[in-house]
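Because the structure is a prediction, the values reported are computed rather than measured.
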Amino acid sequence: MKEKKEKKVKIRKKMSSKAKKVLILSTFCALLLITGGVNIYLNNVASTEANATIQTSANFFSNYRDDRTDTRNQEILYLDAIIASEATSAEAKANAEAERLNLVTSMDMVMTIENLIKAKGFDDVVVSTSSGNISVIVETAGLTNNEVAQIVDVVKNNSNYSIDNIKIIEV
């Protein structure tokens with residue numbers, strides 16, 4: 001009888017050690033699944049924030065171009081109306097024609113500068129001219145001295161602006 005009791009105790013000990021191993025293994029599997037789930041969640045949150053930043057930047061450049069195009073089209077229509085009007089004096093017509101020519105020339109210069117800067121490897125850029133200054137807004141994480149020199153070189157070679165009147169803005 002003693003032998004039977006000892007066998008039962010040994011079997012219980014073996015069963016309990018196997019149960020402990022299964023419990024520990026199950027716990028590790030559960031922790032692994034929880035860790036994986038948290039990792040996926042955090043990656044999705046970080047990806048969403050990065051996409052929002054990229055989308056905001058892209059929207060800025062797109063919206064800027066759209067607004068600029070609308071404004072220029074309105075200016076051209078206004079100048080065309082002055083030129084076509086019979087009630088306008090010859091001097092006013094000449095001024096409107098000169099202003100229209102300046103506007104078209106400026107539009108061409110800005111487009112050329114933007115395309116040349118993009119050709120240098122920048123993701124996106126818009127150029128704005130006003131009151132003797134030219135602003136170059138560049139999408140970048142940070143400009144090196146060499147990149148600034150490239151932008152300034154493009155602007156100087158394709159416009160009449162001096163280096164003191166060139167403003168570079170990083171977005």
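Closest approach of Ile76 to Met107, counting heavy atoms only: CD1-SD, 4.1 Å. Here the closest non-hydrogen pair linking Phe61 and Ile137 is CE2-O, 3.5 Å. Closest approach of Ile82 and Ala92 over heavy atoms only: CG2-O, 4.0 Å. Shown here for Thr129 and Ser106, the closest heavy-atom pair between the two residues is OG1-OG, 3.6 Å.
Taking Tyr78 as the reference, nothing meets the side-chain hydrogen bond (donor to acceptor under 3.5 Å, both in side chains) condition, with sequence neighbours excluded. By the side-chain hydrogen bond (donor to acceptor under 3.5 Å, both in side chains) test, Thr140 is found to be paired with no residue, residues two or more places apart in sequence or in another chain being considered. Residues satisfying the side-chain hydrogen bond (donor to acceptor under 3.5 Å, both in side chains) criterion with Asn157, sequence neighbours excluded, are Asp153. In terms of the side-chain contact (heavy atoms from CB on, under 4.5 Å) criterion, residue partners of Thr71 (sequence neighbours excluded) are, by chain and number, Glu75. The side-chain hydrogen bond (donor to acceptor under 3.5 Å, both in side chains) test applied to Ser85 returns Thr88, not counting sequence neighbours. Residues satisfying the side-chain contact (heavy atoms from CB on, under 4.5 Å) criterion with Gln74, sequence neighbours excluded, are absent altogether. Listed by chain and residue number, nothing satisfies the side-chain contact (heavy atoms from CB on, under 4.5 Å) test with Asp67 (two or more places apart in sequence, or in another chain). The side-chain contact (heavy atoms from CB on, under 4.5 Å) search around Ser130 returns none, not counting sequence neighbours.
The side-chain hydrogen bond (donor to acceptor under 3.5 Å, both in side chains) analysis of residues 162-171, with sequence neighbours excluded, yields the pairs Asn133-Asn165, Ser162-Asn165. Counting only residues at least two apart or in different chains, salt bridge (charged side-chain N to carboxylate O under 4.0 Å, His left out) contacts with residues 95-123 comprise Arg68-Glu114, Asp80-Arg100, Lys118-Asp124.
Clustering of Ile, Leu, Val, Met, Phe, Trp and Tyr by side-chain heavy atoms under 4.5 Å joins Val127 with Met109, Val110, Ile113, Leu116, Ile117, Phe122, Val125, Ile134, Val136, Val138, Leu143, Val148, Ile151, Val152, Val154, Val155, Tyr161, Ile163, Ile166, Ile168.
Under a hydrophobic clustering in which Ile, Leu, Val, Met, Phe, Trp and Tyr are joined whenever their side-chain heavy atoms come within less than 4.5 Å, directly or via other members, Phe60 and Ile169 fall into the same cluster.
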